[in-house]
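Everything on this sheet refers to the single structure shown next.
All residue numbers refer to positions in the sequence shown, counting from 1. From a predicted model like this one, the values you see are computed outputs, not experimental measurements.
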Amino acid sequence: MARHAASKNRRRAVLRAGLTVAAAGAALGAGGAAANAAVPVGTVTGLVTNSVSGVSELKSLQLHPLANTGVDPLDNAVGTQVADFQPVSTAMATDNITRGQAIEDLPVAGPAAASLLP
């Protein structure tokens, strides 16, 4: 039991040290930002515009890097059919991703991403 308590105290000490370092870094960053407050508004506007346009391209990136390859682990659909009912398959869940589609092409996440990302 003592070993567990010592381990817990060590983790707390490491966590406190990490938080202290993070707070110090944030304070230094804020000081640097205050020193450079004389940046022209046009520069800041350009930076924000360029960063937002870069985010919008995330919608069109291929989600699954192994899609359309011979080693795709998601390309393993299993299906079954009972009597004359419609067949049921796992392909419906993984087909969009294994074809190499992007977020904007997915049925549910696409419209959500279109409304959230510019």
Side-chain angles (χ1 to χ4, degrees):
M1 190 72 172
R3 175 178 264 177
H4 176 69
S7 173
K8 194 173 191 180
N9 289 336
R10 217 173 302 137
R11 278 189 246 142
R12 283 185 183 165
V14 170
L15 179 62
R16 284 185 187 144
L19 290 174
T20 303
V21 170
L28 288 174
N36 293 326
V39 175
V41 176
T43 304
V44 174
T45 305
L47 290 173
V48 171
T49 303
N50 291 339
S51 65
V52 170
S53 68
V55 170
S56 66
E57 293 183 16
L58 291 176
K59 295 185 295 186
S60 62
L61 288 176
Q62 180 177 332
L63 287 175
H64 184 46
L66 297 175
N68 297 321
T69 64
V71 293
D72 185 4
L74 296 178
D75 192 17
N76 58 357
V78 176
T80 186
Q81 182 175 7
V82 177
D84 58 346
F85 294 108
Q86 287 186 340
V88 179
S89 173
T90 59
M92 187 173 15
T94 61
D95 195 36
N96 288 329
I97 296 173
T98 59
R99 284 189 280 150
Q101 293 184 337
I103 288 179
E104 64 188 359
D105 300 326
L106 297 177
V108 176
S115 66
L116 294 176
L117 296 175

Worksheet item: Which value, rounded to the nearest 0.5 Å, describes the distance between Asn76 atom CG and Thr98 atom OG1?
Response: 9.0 Å
Worksheet entry | N/O donor-acceptor pair under 3.5 Å between Asp95 side chain and Met92 backbone | no
Item to complete: Mind checking the CG-CZ spacing from Asp105 to Arg99? Nearest 0.5 Å is all I need.
Response: 9.0 Å
Discussion item. Heavy-atom count check: over 12 atoms from other residues, nucleotides or ligands less than 6.0 Å from Gln81 CD?
Written reply: yes
Item to complete: Would you mind listing the cluster partners of Leu66? Hydrophobic ones only (ILVMFWY), side-chain contacts under 4.5 Å, chaining allowed.
Response: Val71
